[in-house]
Structures are given as structure tokens and as C-alpha cells.
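Reading through the C-alpha cells given below for one structure.
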Amino acid sequence: MKKTQELEKFKFVLDYKIKELKRDIGPREEEIAKMKEQINNMNGEILHFKRTNKNLQLIVSDLNLRQKGMQKEIENQTKTYEENAKYIKSFENDLSETYSVVTDYKKLKKHVLKLYDNYV
């Protein structure tokens with residue numbers, strides 16, 4: 001009989017513990033559901049940021065290509081400008097030389113023909 005009482009006491013304690021644990025499970029399941037929802041939202045944000053990042057990488061790549069093209073164009077324009085400046089300077093020097101002989105008809109004719117041959 002004593003053993004039966006002791007077993008009933010254990011049964012009562014265990015039943016009480018089971019009820020407590022079941023009571024604790026409810027809020028935990030709600031918390032787990034909220035966390036799963038947060039995880040799903042965060043996964044959606046991650047996908048959005050990945051797409052945005054990919055688009056931005058494409059934009060940056062395009063801008064880098066455009067920048068390289070513009071740098072090449074600047075180099076070409078600079079080269080053309082320098083060639084033209086050199087050509088103009090040469091013409092100015094030859095013209096100055098021609099001007100210096102303006103009083104001598106033969107030399108003047110020779111210089112004018114040289115100007116014509118070089119620049120026309």
C-alpha cells in the first residue's frame with residue numbers, strides 16, 4: 001500500500017510536470033513561428049539585395065567601359081591637338097621666314113612655292 005501511495009505521489013508530480021511543460025510549449029511554438037516568418041522575410045531581402053547588387057555590378061561594368069572609351073578618345077584628341085599645334089607652329093615659322101624675304105622677289109617666290117608645296 002505504501003508503495004502504491006508513493007507511486008501515486010510520483011504520478012501526481014509527473015502529471016504536474018507534464019502540464020507545466022505543455023504550458024511552456026505553446027509560447028515557444030509561437031516564438032518559433034515568428035522566427036520562421038522573420039527568416040522568410042530576411043531571405044526575401046537577401047534575394048532582393050542580390051538582384052540589386054547584380055544590377056549595380058552591371059552598371060559599374062558599363063560605366064568602366066565607357067570611361068575607358070572616353071579616356072581613349074581623350075588620348076586621340078590630345079594627339080590630334082598636338083599634331084595640329086605642331087603643324088600650325090611649323091606654318092608660322094615658315095610664314096615668318098617668307099615674310100623676312102618679302103623685299104627680294106626671287107627668294108619670296110621660292111618661299112611662297114615652298115609654302116604652297118608644304119601646306120596646300
Side-chain angles (χ1 to χ4, degrees):
M1 181 130 183
K2 207 173 190 183
K3 217 171 192 181
T4 307
Q5 269 183 333
E6 206 173 296
L7 286 175
E8 282 183 28
K9 206 192 263 184
F10 275 128
K11 183 183 181 266
F12 177 77
V13 169
L14 289 175
D15 283 342
Y16 181 76
K17 280 287 187 187
I18 289 171
K19 284 179 187 175
E20 273 187 343
L21 291 173
K22 282 183 180 179
R23 189 180 63 224
D24 289 346
I25 287 175
R28 291 269 166 94
E29 286 177 346
E30 288 175 18
E31 195 174 322
I32 289 170
K34 285 180 185 177
M35 287 181 171
K36 282 182 180 179
E37 187 178 339
Q38 283 179 335
I39 288 171
N40 287 336
N41 290 340
M42 288 177 169
N43 284 335
E45 287 179 10
I46 288 171
L47 289 175
H48 170 73
F49 287 133
K50 281 183 178 180
R51 282 191 300 268
T52 302
N53 192 30
K54 186 71 174 171
N55 287 338
L56 290 173
Q57 285 175 344
L58 290 172
I59 291 169
V60 167
S61 176
D62 180 55
L63 289 173
N64 283 334
L65 287 173
R66 290 166 94 191
Q67 181 183 23
K68 285 178 185 175
M70 288 179 157
Q71 285 174 333
K72 187 71 175 169
E73 181 64 25
I74 288 170
E75 289 171 10
N76 290 339
Q77 291 293 329
T78 301
K79 183 179 176 187
T80 301
Y81 172 78
E82 289 170 354
E83 288 171 355
N84 288 340
K86 185 178 176 184
Y87 183 80
I88 290 169
K89 189 67 177 166
S90 174
F91 179 73
E92 286 174 346
N93 289 337
D94 289 348
L95 191 59
S96 177
E97 233 179 82
T98 302
Y99 182 72
S100 68
V101 294
V102 78
T103 55
D104 185 349
Y105 177 75
K106 286 184 181 185
K107 285 183 181 180
L108 178 63
K109 183 178 178 182
K110 182 179 170 186
H111 279 272
V112 169
L113 288 174
K114 181 181 171 191
L115 282 174
Y116 182 82
D117 287 341
N118 288 339
Y119 300 104
V120 177

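Just so you know, these numbers use all the heavy atoms, side chains as well, and skip hydrogens, waters and symmetry mates.
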Please say yes or no: joined through hydrophobic side-chain contacts below 4.5 Å, possibly via intermediate residues, are Tyr119 and Leu95 part of one cluster?
yes
Does the Thr80 side chain pair with the main chain of Asn76, one donor and one acceptor, at a distance under 3.5 Å?
yes
Step by step, would you call Phe10 with Glu6 a side chain to side chain contact (heavy atoms under 4.5 Å, CB included)?
CA-CA 6 Å; Phe10 275 128; Glu6 206 173 296; 4.0 Å; yes
Reported CE-to-NZ distance for the pair Met70 and Lys72, which is rounded to 0.5 angstrom
15.5 Å
Would you sort out whether Glu97 and Asn93 count as a side chain to side chain contact (heavy atoms under 4.5 Å, CB included), showing the intermediate values?
CA-CA 6 Å; Glu97 233 179 82; Asn93 289 337; 5.8 Å; no
Got a second to check how far Asn53's CG is from Leu58's CG, nearest 0.5 Å?
10.0 Å
Hey, is the main chain of Gln57 close enough, under 3.5 Å, to the side chain of Ser61 for a donor-acceptor pair?
no
With side chain to side chain contact (heavy atoms under 4.5 Å, CB included) as the criterion, how do Gln77 and Glu73 come out once you've worked through the C-alpha distance, each side chain's angles and the decisive distance to 0.1 Å?
CA-CA 6 Å; Gln77 291 293 329; Glu73 181 64 25; 2.8 Å; yes
Given Lys107, which of Val102, Thr98, Val101 fulfils the side-chain contact (heavy atoms from CB on, under 4.5 Å) condition?
Val101
Leu115 and Tyr87: same hydrophobic cluster, using ILVMFWY side-chain contacts below 4.5 Å?
yes
Rounding to 0.5 Å, atoms CE (Met35) and CD1 (Ile39) come to a distance of 8.0 Å
So how far is it from Thr52 OG1 to Phe49 CZ, rounded to the nearest 0.5 Å?
7.0 Å
Quick one: do Asp15 and Lys11 satisfy salt bridge (charged side-chain N to carboxylate O under 4.0 Å, His left out)? Show the steps, please.
CA-CA 6 Å; Asp15 283 342; Lys11 183 183 181 266; 3.6 Å; yes
How many angstroms lie between atom NZ of Lys89 and atom CD of Glu82, to the nearest 0.5 angstrom?
15.5 Å
Step by step, work out the side chain to side chain contact (heavy atoms under 4.5 Å, CB included) result for His48 and Arg51.
CA-CA 5 Å; His48 170 73; Arg51 282 191 300 268; 4.1 Å; yes
More than 12 heavy atoms of other residues, nucleotides or ligands under 6.0 Å from CD of Glu37: yes or no?
no
Let me confirm one number: the CG-CD1 distance from Asn43 to Ile46, rounded to the nearest 0.5 Å.
5.0 Å
